[in-house]
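Step one of this worksheet: look at the structure below.
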Amino acid sequence: MQFNELGLSEPLLRAVARAGYETPSPIQQAAIPPALLGKDVLGCAQTGTGKTAAFSLPILHRIDQLAGKEPCLRALILTPTRELAAQIGQSLETYGKDLDLYHTVIFGGVSEKPQIAELKRGVDILVATPGRLLDLMQQGHIDLSKLNIFVLDEADRMLDMGFIHDVRKVVNALPRSRQTLFFSATMPNEIKTLADRLLVDPVTVTVTPVSSTAEKIDQSVYFVDKALKPKLLLKVLTNPACERVLVFSRTKHGANRIATALEKARISAAAIHGNKSQGARTTALEGFRSGRVRVLVATDIAARGIDVDGVTHVINYDIPNVPETYVHRIGRTARAGQEGTAFSFCESEERRDFRAIEKLIGMKVTEVSEPGFEAGTAPDERPQMAPRHHQGGRPQADRGRSDRGGRPGQRPMGASGDRSSERRSPPRGRRPGSVQKARSGPPRPAP
Ligand code: AMP
């Protein structure tokens with residue numbers, strides 16, 4: 001299927017072509033046509049599948065048809081993190097370049113003032129994180145009465161991050177008659193219940209079921225004593241194939257400690273987590289994107305949704321205690337048709353959590369070991385699998401590369417998407433303040 005078969009308007013087709021996308025990804029093929037018809041959509045898809053365009057393109061198309069002379073808030077996109085919010089803003093900017101629409105992005109951790117000023121000038125589409133949205137709603141800066149479309153992005157992540165209560169508050173303030181597009185990588189019960197409440201007769205689109213996403217990544221686990229994890233990390237990183245590595249730490253403090261130890265060992269590293277300023281997070285991310293920073297150490301909250309291509313390795317320095325988090329973490333590699341590897345460092349106390357992960361993904365993760373780093377305790381816990389030793393730094397998995405990927409309908413993107421050109425394009429015609437808009441003509445007067 002081609003983009004011009006989806007029913008999108010010419011300006012959007014031009015924007016998609018400029019972005020270098022050749023064919024719509026599976027979620028785009030499945031979600032865009034019903035979304036254009038105004039139907040509710042339940043999308044089970046994680047980042048990396050092209051879901052942002054899957055909701056942004058139909059929103060821009062529909063809002064462009066509805067837009068009057070003055071900007072008026074017609075679409076709200078709620079997303080859990082500031083990074084995701086900013087990325088969605090960038091996508092709207094890219095795809096909406098030839099349309100006469102305004103959007104803005106609001107999130108916490110930065111001054112409210114420019115955001116309020118922008119809202120006062122009027123926007124058609126608002127991208128927001130829940131906390132700041134509620135703050136500004138309570139202050140009376142946001143009028144949701146004319147809203148036509150509501151997008152809930154990464155609903156399961158909202159739950160993980162403790163935002164579900166805020167999400168419910170926002171939902172209660174929305175007009176009843178509206179279109180809802182609901183995206184979640186996983187469907188825990190609480191999210192299913194929320195989806196049932198929000199969606200009316202939705203079209204359900206599932207592109208990468210959790211387990212199959214995990215299957216496509218070359219995963220292995222080291223059973224290692226806690227005290228040896230720092231050294232094991234250094235050892236693993238001696239492999240030059242570990243070019244762009246995302247290390248997950250359960251705590252902010254741990255993330256700092258890991259990054260400092262790496263820097264000491266002359267491995268360029270940076271940490272991102274909620275205690276870092278927005279500026280520090282942006283610098284770390286840019287460094288990671290550009291390749292200046294080889295290892296980015298992140299907490300789950302900070303890392304979720306980060307759109308960085310070419311992550312060669314994800315390392316679970318700590319094992320997450322929510323199994324779905326593992327899937328989210330390793331999903332940061334092997335994106336858009338690239339190969340990816342995930343290592344987990346599992347100490348004896350984490351074995352139970354790791355078994356829960358294996359249950360969720362429906363497969364046994366290949367056990368590997370480095371001489372001198374074998375776990376000293378509980379070796380009888382995994383009797384089925386003999387440890388293997390690294391050869392040339394990369395664990396030898398049971399499965400060859402050839403039996404992953406290339407399964408029709410499961411690989412997210414074609415390799416053709418030119419993401420770099422999207423990122424390189426300069427923001428156009430920014431209004432004063434921290435705002436991006438999606439139009440090329442002179443600004444419309446503020447209402
Ligand atoms: P997302 O899942 O929305 O985070 O998108 C992942 C990446 O895929 C982004 O960098 C997009 O620019 C890119 N992308 C989205 N749609 C396509 C497409 N149809 N072809 C190629 N790349 C795409």
Side-chain angles (χ1 to χ4, degrees), residues 1-8 12-33 35 41 43-61 77-97 105 127 151-157 181-186 205-210 213 216 244 246 285 288-289 303-311 327-338 340 405 409-425:
M1 187 183 267
Q2 300 300 308
F3 270 106
N4 60 12
E5 295 170 64
L6 297 176
L8 291 165
L12 292 170
L13 292 175
R14 280 199 300 273
V16 161
R18 273 198 305 263
Y21 304 166
E22 286 181 359
T23 49
S25 71
I27 186 133
Q28 292 161 3
Q29 294 186 20
I32 292 175
V41 173
C44 303
Q46 62 175 32
T47 312
T49 54
K51 74 175 161 65
T52 312
F55 62 74
S56 299
L57 292 170
I59 287 181
L60 287 162
H61 179 111
I77 303 169
L78 201 57
T79 190
T81 68
R82 24 186 156 179
E83 281 82 11
L84 272 169
Q87 281 162 21
I88 294 168
Q90 264 169 20
S91 297
L92 292 172
E93 173 83 20
T94 303
Y95 307 140
K97 215 165 197 148
V105 181
V127 186
V151 178
L152 184 60
D153 184 33
E154 310 234 342
D156 53 347
R157 196 61 192 168
L181 310 175
F182 188 110
F183 290 86
S184 196
T186 57
V205 179
T206 305
V207 287
T208 49
V210 163
T213 305
K216 286 180 299 204
R244 186 170 290 167
L246 191 52
L285 264 180
F288 192 52
R289 273 197 187 115
R304 181 62 195 274
I306 290 172
D307 183 17
V308 178
D309 296 336
V311 173
V327 180
H328 292 312
R329 285 182 177 187
I330 69 169
R332 314 312 309 146
T333 184
R335 295 186 51 184
Q338 293 161 346
Q410 293 200 325
R411 202 72 217 156
M413 296 299 146
S416 53
D418 179 4
R419 294 119 170 266
S420 52
S421 70
E422 181 186 324
R423 259 187 230 111
R424 272 198 305 271
S425 58

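Given the structure is predicted, the values throughout are model-derived calculations rather than measurements. Whatever order the structure lists ligands and atoms in, that order sets their numbers, starting from 1.
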Checklist entry - With only distance considered, is Glu22 within less than 3.5 Å of ligand 1 through an N or O on each side? => result no
Next on the checklist: Minimum distance, heavy atoms only, to atom 5 (O) of ligand 1: which one of Gly331, Gly50, Ala19, Ala54 is it?
Outcome noted: Gly50
Item to check | Val16 contact mode with ligand 1 (heavy-atom cut-off under 4.0 Å) | outcome: neither
Checklist outcome for this item: Shortest non-hydrogen pair, Ala45 vs Ile27, comes out as CB-CD1, 3.3 Å
Next on the checklist: With heavy-atom distances below 4.0 Å as the criterion, list the atoms of ligand 1 near Lys51.
Outcome noted: 1 (P), 2 (O), 3 (O)
Checklist entry - Under 4.0 angstrom from ligand 1, any heavy atom of Thr23? => result yes
Checklist entry - What do you reckon, does Tyr95 have a nitrogen or oxygen under 3.5 Å from a nitrogen or oxygen of ligand 1? => result no
Item to check | Candidate pair Phe55 and Val41, rule side-chain contact (heavy atoms from CB on, under 4.5 Å), full reasoning | outcome: CA-CA 9 Å; Phe55 62 74; Val41 173; over 6 Å; no
Item to check | For Thr52, atoms of ligand 1 separated by under 4.0 Å from a heavy atom | outcome: 1 (P), 3 (O), 4 (O)
Item to check | Geometric N/O contact Phe3 with ligand 1, under 3.5 angstrom | outcome: no
Checklist outcome for this item: Looking only at non-hydrogen atoms, the one of Tyr21, Phe55, Phe183 nearest atom 18 (C) of ligand 1 is Tyr21
Checklist entry - Yes or no on side-chain contact (heavy atoms from CB on, under 4.5 Å) for Leu57 and Gln28, after CA distance, side-chain angles and deciding distance? => result CA-CA 9 Å; Leu57 292 170; Gln28 292 161 3; 5.5 Å; no
Item to check | Euclidean distance, His61 NE2 relative to Leu8 CG, rounded to 0.5 Å | outcome: 7.0 Å
Checklist entry - Which heavy atom in Ile32 sits nearest to a heavy atom in Pro58, and how many Å separate them? => result CG1-CD, 4.0 Å
Next on the checklist: Distance under 4.0 Å to a non-hydrogen atom of Thr49: what atoms of ligand 1 satisfy this?
Outcome noted: 2 (O)
Next on the checklist: Using a 4.0 Å cutoff against the non-hydrogen atoms of Ser25, which atoms of ligand 1 qualify?
Outcome noted: 19 (N)
Next on the checklist: Before you tell me yes or no, could you show the steps for Gln87 and Thr79 under side-chain contact (heavy atoms from CB on, under 4.5 Å), namely the whole-Å CA-CA distance, both residues' side-chain angles and the distance that decides it to 0.1 Å?
Outcome noted: CA-CA 10 Å; Gln87 281 162 21; Thr79 190; over 6 Å; no
Checklist outcome for this item: Smallest heavy-atom separation, Ala30 atom then Val205 atom, equals CB-CG1, 3.4 Å
Item to check | Smallest separation among heavy atoms of Glu22 and Gln2, with atom names | outcome: O-OE1, 3.7 Å
